[in-house]
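Structure first, commentary second.
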Amino acid sequence: MLGEGIIKGMAETARNFIGSYSDPERLVTVQYPEEHIPAKQNARNFPFLVFDVEDPVAGLRCVACKICEKECPPQCIYIVMDRDDKGKPCKHPKVFDIDVSVCMSCQICVEVCPFDAIKMDTEFELSETNRYGGLLLTKDRLSKSNEYYHKIHSVEAAEVDARLADEKAKAEEKVKAKLAAAATAKAAAQAAKPVAG
Amino acid sequence: MGNPVDQIFVILKHWLLSFCPEGYVPIASILLSVIPIMAVFGGLFALTTILERKGLGRIQNRYGPNRVGPCGLFQPIADGVKMLTKEDIVPRAADQVIHFLAPFALIGPVYIAYSVLPVGRNMAALDLDAGLLFFFAVGAGSELAIFMGGWSSRNKYSLLGAMRAVAQMISYEVPLILSSVPVIMLAGSLSPTAIVDAQGGHSHGLMQWHLFTPWGIAGFFLFMIAASAEANRTPFDIPEGESEIIAGYMVEYSGFKFALFFLGEYLGLFAICGLGITLFLGGWHSPFVFLEWIPSYFWFFGKLMAMIFVFIWLRGTLPRLRMDQLMGFGWKFMLPMTLLNILVAAIWHLSKTWLFPGVYLTRWALCLGILCAAYVWLGRSLAGNRSVGKRVYRFAD
């Protein structure tokens, strides 16, 4: 009959109207500045630099190899390698800037980094009153601890840590093996000497 | 004069006038009637914007605005400041003068229409004998204002929107007036005050509102449908259909002129709700005799808020009609029903003299039967043989 659908629709909206007062579960709104949605594992926006241990300067994983700087499609990364008094490179960035107003969050820097030194951050409350200086993140703002990385991307960080530990163990083994080989060679040489002499 | 609490505003006005020098009394009297109307209905507009946004939010399981002030109640003030400080852009190709005048031409007639509405006992600013006629005549002025706005913007969307608006408002003006004809017939007067007085009697504790008669029920619903079309409210808001023509005749308006259009639209809604209350819901009368002690203006504004709530509810429920559906509904359904309702009102009135046991029920059954039969028959024949079944897709499956 004519008008039947209107009655049904009005009943439905009335149910919603009353229900939203009696049952707060219905309200899907998250009241943002006070409440936050729990962060997702895969969330990402801008890169940050990971440092180990306590020291954000010495503990920085970055070795200023500039691979990310070269790969970055919008070229928002700027790196200057640190040098000591004699001009010898220090394997440490003196300057590491990311202009997040240019960054397009492609994660390519993260993919190419051989040292797991640069990772994607989830922080999005980045509004600034100065649009040039404010959005140019310098090394001290970019450096964040490994614990922070664990906090925002726990699964990924655990994987990276396991891999790094594995690599470290392998490297140590290699060094040990090398040392052992050198020692045995030395011993052999020393053993052979008196015979020849 | 009656109850002093009920008459407080009337007494206050006379008291203030007693301080006025002799020659200025007429103009002071006019000002003392006009300023409260402008202030009260302007304030009601501010209240309605926040209630509407909150109500729609709740209907859609959201909070609605709740940031400005307690529970977001100061939101209208924030909106007002925003509208006032916005840049007022006038298109270069626009007809500057008419573009400027249109919002004021919309507000003016709507405010004038309020002057004949009795918002309480002895509280009509202008007690005209032909008040109803005056109301409809002035109300028709808003069509002109809307077309002024749409045409002067020199924008195809505004022109289309204005043409839709004018077509719709003129089409629905016919059922609007025809649905109020039975009231005029039975009250025997065109004066809103007299119409309210005609609903003042009571039997068995229940007031004799026109709503409590078969032709009154049908008339009220027909009137409200036509009123929502007149006020450009959903489901008849095609003049400003966002999905098709952005905002219709308001496309090229910004800043405070846009706010004025908005204000005009809401004021038009209140005015027509007020007329509906006057015609069918007993004006400022209470529904039951034992509630008569509550001041009359409370009843009027209470009924007005209830009607506004129904309109918000409808807006949250119904989608927009298509242009042809709207016109078809107006001419093929509303018009015959209103004409039939006039006939039913006549039967109701003439059968008053019948005398046999159970006459009251017989009259009710007869009148309601005619109306229901026509409703069902018209509804069926308009729907045609269309049946809404499960949708079949040719390629997607």
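No experiment lies behind these values; they were computed from the predicted model shown. Here is how names work: the chains are called A, B, and so on, in the same order as the sequence lines, proteins then strands, and each is numbered from 1.
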Count the heavy atoms belonging to other residues, nucleotides or ligands that lie under 6.0 Å from [atom1] of [X], then report whether that count exceeds 12.
| X | atom1 | answer |
| --- | --- | --- |
| Phe301(B) | CZ | yes |
| Tyr375(B) | OH | yes |
| Leu179(A) | CG | yes |
| Trp364(B) | CH2 | yes |
| Asp23(A) | CG | yes |
| Phe74(B) | CZ | no |

Quiz: residues 327-343 of chain B side-chain donor-acceptor pairs under 3.5 angstrom, not counting sequence neighbours:
residue: Trp331(B); atom: NE1; partner: Ser171(B); partner atom: OG; Å: 3.4
residue: Thr338(B); atom: OG1; partner: Met334(B); partner atom: O; Å: 2.9
residue: Thr338(B); atom: OG1; partner: Leu335(B); partner atom: O; Å: 2.8
residue: Asn341(B); atom: ND2; partner: Trp215(B); partner atom: O; Å: 3.2

Rounded distance (nearest 0.5 Å) linking atom [atom1] of [X] with atom [atom2] of [Y]:
| X | Y | atom1 | atom2 | answer |
| --- | --- | --- | --- | --- |
| Phe17(A) | Ile312(B) | CZ | CD1 | 8.5 Å |
| Leu314(B) | Ile6(A) | CG | CD1 | 8.0 Å |
| Asn61(B) | Asn16(A) | CG | CG | 4.5 Å |

Q. Glu4(A) versus chain B, heavy atoms under 4.5 Å apart: side chain, backbone, both or neither?
A. neither
Q. Which bit of Pro33(A) is near chain B, if near means a heavy-atom gap under 4.5 Å: side chain, backbone, both or neither?
A. side chain
Q. By a 4.5 Å heavy-atom criterion (distance strictly below it), what part of Leu318(B) contacts chain A: side chain, backbone, both, or neither?
A. side chain
Q: Verify side chain to side chain contact (heavy atoms under 4.5 Å, CB included) between Leu27(A) and Arg58(B), making sure each step is shown before the conclusion.
A: CA-CA 8 Å; Leu27(A) 295 161; Arg58(B) 287 289 172 170; 3.7 Å; yes
(Q) Quick check on the interface: out of Glu12(A), Gln31(A), Arg15(A), who has the most heavy-atom pairs with chain B under 4.5 Å? (A) Gln31(A)
Q: Measure across Met10(A) and Thr317(B) and return the closest heavy-atom pair with its distance rounded to 0.1 Å.
A: N-CG2, 3.5 Å
